[in-house]
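Before any comments, here is the structure.
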Amino acid sequence: MNEMDQEEIAKRRGLYFPSFGIYGGVSGLYDYGPYGSRIRDNIIRIWKQMMLSEGNIAEYDGTAITQASVLKASGHYDRFFDYSVECKKCHTKYRADHLIEEAGFEVNLSQSWLDEKIRELNLKCKNCGGELGPVQIHKLMFHVDQGNDQEGLFLRPETAQGIFINFKEYYRFFREKLPFAIIQVGRGYRNEISPRKALYRLREFNMMECESFFDPVNEKWIREPNDKEEIKFLTNYGKELTMSPKEAFDKGIIKSQPLAYFIGKSFQFFLRIGIDKEKLRYRQHKKDELSHYSSDTWDAEALTSIGWIEITGIAHRGNYDLSRHIEFSGRDLYAQRTIPQKKVYEDIKEIDFAGIRKKFGKDAASLIMQIKEGKKEIEINGAKVDISEFISIRKEEKIVDRENFIPVVIEPSFGLDRIIYTVIDHNLHVREESGYNVLSIPREISPYDVAVLPLLSNDDMEKMAIHIFQDLLLKNINAIYDDSGSIGKRYARYDEVGITYDVTIDHDTLKDNTVTLRHRDTKEQIRIKFDEIENRIRFYPWNGKIN
RNA sequence: GCGAGCGUGGUGUAGCCUGGUAACACGCGAGCUUGCCAAGCUCAUGCCCCGGGUUCAAAUCCCGGCGCUCGCACCA
């Protein structure tokens with residue numbers, strides 16, 4: 001299936017389409033239509049269900065509008081600018097900060113500094129030796145004008161930060177035991193310079209993120225990594241390996257147990273929603289490719305008609321985020337671990353308030369305040385006063401069996417839109433015999449459970465079909481009804497948007513309440529009583545094969 | 001942001017060079033066909049990205065804007 005086919009079908013069939021179409025659209029913004037929205041929701045539902053079924057994962061839902069101070073702590077505020085220079089002669093573009101780094105200098109991220117440094121070092125175009133133009137700035141975060149934060153507000157460039165900020169809420173929720181994880185499904189916003197390729201690079205996009213927290217001395221998830229599935233790995237040395245995540249961890253290819261665990265988990269998720277495992281690999285980031293905070297990152301990449309694309313990143317973020325938020329907010333975002341009991345002696349300062357009051361009278365209040373502030377030199381009206389006789393230090397014995405630490409984080413982060421693109425790419429086929437399209441996505445993510453179709457458009461059959469349609473709706477089955485055009489045309493219509501089953505009402509239905517159940521992939525049909533439909537599409541879904 | 005190409009019914013395209021009634025296929029709708037895999041027939045619906053200019057006349061030529069595709073760069 002080539003790239004244009006997907007976009008054409010997506011537009012024509014209501015999977016997704018450019019936003020604000022009647023006004024010409026805005027690049028990098030796409031809407032999901034009637035079928036696309038349902039596929040998307042089904043994928044989210046499965047993902048949440050798989051994650052929450054771990055038992056020690058809880059859900060979070062934060063706002064997209066974010067205080068500048070959060071993004072200063074996270075590092076986005078400083079790093080979400082691109083500084084570029086362009087060669088005046090051959091128009092090759094460079095990152096200004098990269099040029100200076102390559103010249104061996106520490107970079108100070110300000111536009112004027114970069115500009116001056118390039119002149120000072122007399123840097124030239126690497127391509128043609130031409131003179132470089134002025135340093136240009138590109139803001140990669142959307143700014144929201146307003147808010148009481150002096151810097152204004154921003155749309156979040158990732159959903160993760162809200163989770164880190166609320167770490168303590170969840171730490172309490174999990175009764176102060178690690179490991180646990182927090183998931184969030186939501187939108188992120190990046191002001192891409194040139195969004196491209198439909199759902200591949202968007203300005204507003206859907207993410208499904210999971211932040212899992214560990215004690216660094218016991219970095220271990222509650223379950224073992226998958227040892228059943230053979231997965232293709234591409235290491236940062238460029239070596240290709242095929243093995244299970246468990247084996248990859250045991251052999252030290254993946255250094256972190258939870259990282260291996262979530263690779264396995266994500267793999268099972270991908271298979272379940274219909275991604276082709278032959279077109280899936282996990283590629284380790286090279287040293288120079290790693291984010292500023294990460295010591296190891298593996299990207300799940302899918303081979304699609306636009307090449308290998310990153311659909312999920314599983315990153316070891318260390319304790320970067322929490323330690324930054326501790327530093328910037330001054331708040332306690334520590335976890336605690338139990339340690340062997342030990343005795344600690346603490347100095348307790350005892351102050352003889354009565355004695356001070358007796359000696360200094362009305363000046364006592366000022367003195368006591370100064371003592372409490374911890375001042376070394378106590379004075380009254382500029383004159384030093386000796387108050388040592390009123391202060392005594394007492395040693396107190398204390399038993400300590402807990403200590404603070406900053407948890408480390410493993411983050412699997414799923415790019416939902418790219419995943420949807422990949423699922424469609426991997427499942428959209430052209431029927432050889434007819435040349436028509438079939439979207440063979442798994443039943444679980446089908447936009448509707450079933451299409452209800454009268455064979456003929458006559459009153460009796462339509463009446464019966466609508467009756468069956470209503471009955472299915474009452475059973476909470478997502479059914480869609482259609483009596484337009486010929487039966488073959490309708491089958492083709494629903495095959496193309498991935499609906500797995502069609503129920504057809506024909507002459508026999510009127511006589512004996514049976515219908516035919518057709519399967520999208522095999523085009524086979526079986527005849528069943530209409531009150532068995534639910535059973536055969538929900539509880540014991542028919543696989544489309546006739547014995 | 002630069003360079004190149006492009007923007008015509010719901011979708012895919014022709015027409016543009018050489019200005020003069022906008023075309024084809026599919027789709028969608030109504031009907032006939034009583035038919036199980038986009039069948040056929042009849043009828044109907046519906047389009048020149050936006051703004052300005054040139055001209056008697058602009059889908060067509062010119063300018064600007066917006067958008068798309070590819071390449072460069074970017075992808076934190």
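The analysis underlying the following values was restricted to heavy atoms, covering all of them including side chains, and did not include hydrogens, waters or symmetry mates.
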Between atom CZ in A:Arg520 and atom C1' in B:C36, what is the gap in whole Å? 19 Å
How close or far is atom C1' of B:G67 from atom CD of A:Glu7, stated in whole angstroms? 13 Å
Can a side chain N or O of A:Ser484 be found less than 4.0 Å away from OP1 or OP2 on B:G29? yes
Comparing nearest nucleotides in RNA chain B, the 5'-proximal residue of the pair A:Arg493, A:Tyr200 is A:Arg493
Students often get this wrong, so: under 4.0 angstrom with heavy atoms, is A:Arg490 touching a base, only sugar-phosphate, or nothing? nothing
Can you tell me how far P in B:C50 sits from the matching atom in B:C66, rounded to whole Å? 16 Å
Taking any heavy-atom pair under 4.0 Å as a contact, classify A:Pro18: base, sugar-phosphate, or nothing. nothing
d(OH, A:Tyr491; C1', B:C37) in whole Å: 7 Å
Validate the cation-pi geometry between A:Arg38 and A:Tyr448: distance from NZ or CZ to the six-membered ring centre under 6.0 Å, angle to the ring axis within 45°. yes
Using atom P in both nucleotides, what's the gap between B:G9 and B:C49 to the nearest angstrom? 7 Å
Has A:Lys489 got a side-chain N or O lying under 4.0 Å from the OP1 or OP2 atom of B:C28? yes
Rounded distance (Å) that lies between atom P of B:C75 and atom CZ of A:Arg283: 14 Å
Side chain of A:Glu496: nearest nucleotide among B:A38, B:C37, B:G12? B:A38
Tell me if the side-chain of A:Gln525 makes a donor-acceptor pair with the base of B:C36, cut-off 3.5 Å, by modelled atom types. yes
What integer distance in Å separates A:Tyr30:OH from B:U69:C1'? 10 Å
Nearest-angstrom distance from the residue atom CD1 of A:Ile9 to C1' of B:G27: 14 Å
Please give the distance between the C1' atoms of B:A57 and B:C41 as a whole number of Å. 41 Å
Checking side-chain polar atoms at under 3.5 Å, does A:Tyr494 have a donor or acceptor matched by the opposite partner on A:Asp482? yes
Interatomic distance, A:Leu199 CG vs B:C68 P [rounded to whole Å]: 14 Å
Roughly how far apart, to the nearest Å, are B:U54 and B:C47 at atom P? 28 Å
What does A:Asp495 touch in the nucleic acid at a heavy-atom separation under 4.0 angstrom: a base, only the sugar-phosphate, or nothing? nothing
Should A:Ser27 be listed as having a side-chain N or O under 4.0 Å from OP1 or OP2 of B:G67? no
Comparing A:Arg527 with A:Arg12, nearest RNA chain B nucleotide closer to 5' gives the residue A:Arg12
Give A:Ile487 one of three labels, base, sugar-phosphate or nothing, depending on what nucleic acid heavy atoms sit under 4.0 Å from its own. sugar-phosphate
Can you tell me how far C1' in B:G15 sits from the matching atom in B:G7, rounded to whole Å? 15 Å
Check the surroundings of atom NZ in A:Lys72: do more than 12 heavy atoms from other residues, nucleotides or ligands lie under 6.0 Å from it? yes
Using the C1' atom in both, what is the distance from B:G5 to B:G46, to the nearest Å? 29 Å
Please state whether the base of B:C37 and the side chain of A:Asp502 form at least one donor-acceptor pair under 3.5 Å? no
Send over the distance from A:Arg201 CZ to B:U69 P, rounded to a whole Å. 12 Å
Rounded P spacing from B:C48 to B:A59 in Å: 10 Å
Which dot-bracket string fits RNA chain B when only Watson-Crick or G-U wobble pairs with both atom distances under 3.5 Å count, crossing pairs get [ ], and | stands for a partner on a different strand? (((((((..((((......[..))))..((((.......)))).....(((((..]....))))))))))))....
Pairwise P distance for B:G64 and B:A22, with rounding to whole Å: 29 Å
